[in-house]
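Only heavy atoms go into these numbers, but all of them, side chains included; no hydrogens, no water, no symmetry mates.
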Amino acid sequence: MLTVLFLGDVVGEPGRTAVIARLPELKSKHALDFVIVNGENAAGGRGITGKITIDLLRAGVSVITTGDHIWDQKEILSFIDTEPRLLRPMNYPEGAPGSGSIVLETAKAKIGVLNVQARTFMQPILENPFRAAEAAVIKMREETPNIIVDMHGETTSERIAMGRFLDGKVSAVIGTHTHVQTADEQIFPGGTAFMCDAGMCGPVNSILGRAIDPILNRLAGGEVRLRGALIEIDESTGRAVRISRVDEPGPSERAPAEPEPKIDIEQAHSPEQT
């Protein structure tokens, strides 16, 4: 079996410190073959930087997915083409920097990862995610049946629709973006594992990882949890055989915080950012 850990949106320094600190233990505990992390909120809650990308990869993350905040840190425009393991939503128009998919070798089998962004209540409005995902899956299945999809979107209905649409064609569809872990983990009839939202890796005493009082203009502190999904896949068929929620504590002692990019009170792109 292939054992894949998918961690939900990493929020700021508390989230990424917890992931980096706990990942070696989690890899040993669950005998992980592959780790996917959504990193679009890893830099001060807004986007990701090259340094953070490298830190997460060095800690043992296999692939980093993102979403609507991918371009918030402008340096990523020049960095993303240099690191194929950092994905942006694949349904950006042709010619956008970076890539939305990758296939990597593991000791057991190849694993493909697709990153796609929904459209409902999302900005910017990208190309049709269903058509983009379908075309990418057809091409990727020429290399491997073991495919994990990060469906980054606001509404539960659109994420569930993608899971049903790709049932039997991919190993798992895991939703991200709303930061609240859902209790609907299941395996659809065609063998595709599904969870509407993996949740987040970030401060518990917060509003979606952000400070409760936005006037403080900083991320929340206190207890940190790592949330996501653990998926077991039959590598010969690509069918998921088990999915379970992950809800792990952060490190007991955090490393000294790095300076965070300043978070300005912004015009919200979506309900999660208000």
Show your reasoning for whether side chain to side chain donor-acceptor pair (under 3.5 Å) applies to Thr3 and Glu232.
CA-CA 5 Å; Thr3 303; Glu232 293 185 22; 4.9 Å; no
[atom1]-[atom2] distance between [X] and [Y], expressed to the nearest 0.5 angstrom:
| X | Y | atom1 | atom2 | answer |
| --- | --- | --- | --- | --- |
| Arg58 | Leu23 | CZ | CG | 15.0 Å |
| Gln186 | Thr192 | CD | OG1 | 11.0 Å |
| His69 | Ile76 | NE2 | CD1 | 14.0 Å |
| Leu56 | Arg16 | CG | CZ | 8.0 Å |
| Ile111 | Asn146 | CD1 | CG | 6.0 Å |
| Leu32 | Lys27 | CG | NZ | 7.0 Å |

Worked verdict on Ile64 versus Ile52 for side chain to side chain contact (heavy atoms under 4.5 Å, CB included)
CA-CA 11 Å; Ile64 302 169; Ile52 292 171; over 6 Å; no
Step through the shown structure and confirm whether more than 12 heavy atoms of other residues, nucleotides or ligands are within 6.0 Å of CG on Leu77.
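For Leu77, atom CG is crowded (more than 12 foreign heavy atoms under 6.0 Å).
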Going by side-chain contact (heavy atoms from CB on, under 4.5 Å), name the residues that satisfy it together with [X], two or more places apart in sequence or in a different chain.
| X | result |
| --- | --- |
| Ala198 | Phe6, Ile174 |
| Val137 | Leu114, Arg141, Ile147, Leu166, Lys169, Val170 |
| Ala59 | Ile20 |

Is it the case that the side chain of [X] and the backbone of [Y] share a donor-acceptor pair, with hydrogens and angles ignored and the cut-off at 3.5 Å?
| X | Y | value |
| --- | --- | --- |
| Asp167 | Gly190 | yes |
| Gln181 | Gly228 | yes |
| Ser62 | Val35 | yes |
| Arg22 | Pro249 | yes |
| Asn91 | Leu126 | no |
| Ser78 | Glu75 | yes |
| Asp184 | Cys196 | yes |

Flag the pair [X] / [Y] as yes when at least one side-chain heavy-atom distance between them is below 4.5 Å, and no otherwise.
| X | Y | answer |
| --- | --- | --- |
| Pro93 | Glu127 | yes |
| Val4 | Ile233 | yes |
| Val10 | Asn41 | no |
| Ser171 | Arg239 | no |
| Met1 | Ile231 | no |
| Ile102 | Arg85 | yes |
| Pro97 | Trp71 | yes |
| Met162 | Pro129 | yes |

Quick one: do [X] and [Y] end up in the same hydrophobic cluster if we chain Ile, Leu, Val, Met, Phe, Trp and Tyr together by side-chain heavy atoms under 4.5 Å apart?
| X | Y | value |
| --- | --- | --- |
| Leu26 | Leu57 | yes |
| Leu5 | Val19 | yes |
| Val63 | Ile70 | no |
| Ile187 | Leu2 | yes |
| Met195 | Val246 | no |

Residue pairs passing the ring pair (Phe, Tyr, Trp, His ring centres under 6.0 Å) test where at least one lies in residues 20-49, sequence neighbours excluded:
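Ring pair (Phe, Tyr, Trp, His ring centres under 6.0 Å) check on residues 20-49 returns no pairs.
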Go through the steps to decide whether Asp9 and Glu40 satisfy the test side chain to side chain contact (heavy atoms under 4.5 Å, CB included), and finish with yes or no.
CA-CA 7 Å; Asp9 302 54; Glu40 74 142 9; 3.9 Å; yes
May I have the step-by-step check of side chain to side chain contact (heavy atoms under 4.5 Å, CB included) for Val173 and Ile148, ending in yes or no?
CA-CA 6 Å; Val173 176; Ile148 311 293; over 6 Å; no
Between Arg242 and Glu185, does a salt bridge (charged side-chain N to carboxylate O under 4.0 Å, His left out) hold up when you go through it step by step?
CA-CA 9 Å; Arg242 188 174 293 106; Glu185 70 277 14; over 6 Å; no
What's the shortest heavy-atom distance between [X] and [Y], and which atoms?
| X | Y | value |
| --- | --- | --- |
| Ala96 | Arg88 | O-NH2, 3.2 Å |
| Glu235 | Ala109 | CB-CB, 3.8 Å |
| Asp197 | Thr176 | OD2-C, 3.5 Å |
| Asp81 | Gly98 | OD1-N, 2.8 Å |
| Ala18 | Leu226 | CB-CD1, 3.3 Å |
| Met90 | Ala133 | SD-CA, 4.4 Å |

Have [X] and [Y] got a donor and an acceptor in their side chains that come within less than 3.5 Å?
| X | Y | answer |
| --- | --- | --- |
| Asp150 | Asn38 | yes |
| Glu158 | Thr120 | yes |
| His152 | Asp68 | yes |

Determine, step by step, whether Arg245 and Arg227 satisfy the side chain to side chain contact (heavy atoms under 4.5 Å, CB included) criterion, reporting the C-alpha distance in whole Å, the side-chain angles of both residues, the deciding distance to 0.1 Å, and the verdict.
CA-CA 7 Å; Arg245 272 173 281 159; Arg227 291 175 174 148; over 6 Å; no
Residues that Phe79 engages under ring-ring contact (aromatic ring centres under 6.0 Å, His included), provided they are two or more places apart
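Scan of Phe79 (ring-ring contact (aromatic ring centres under 6.0 Å, His included), adjacent residues dropped) gives none.
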Apply the test salt bridge (charged side-chain N to carboxylate O under 4.0 Å, His left out) to residues Asp247 and Arg225: give CA-CA distance (whole Å), side-chain angles for both, the deciding distance (0.1 Å), then the verdict.
CA-CA 7 Å; Asp247 185 355; Arg225 306 289 298 187; 2.9 Å; yes
Whether Phe194 and Phe188 hold their rings parallel, tilted or perpendicular, with breakpoints at 30° and 60°:
parallel
Ion pair Lys29/Glu248, N-O distance below 4.0 Å:
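Salt bridge present between Lys29 and Glu248.
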side-chain hydrogen bond (donor to acceptor under 3.5 Å, both in side chains): which pairs involve residues 96-115, sequence neighbours left out?
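Output for this query lists Asp33-Lys108.
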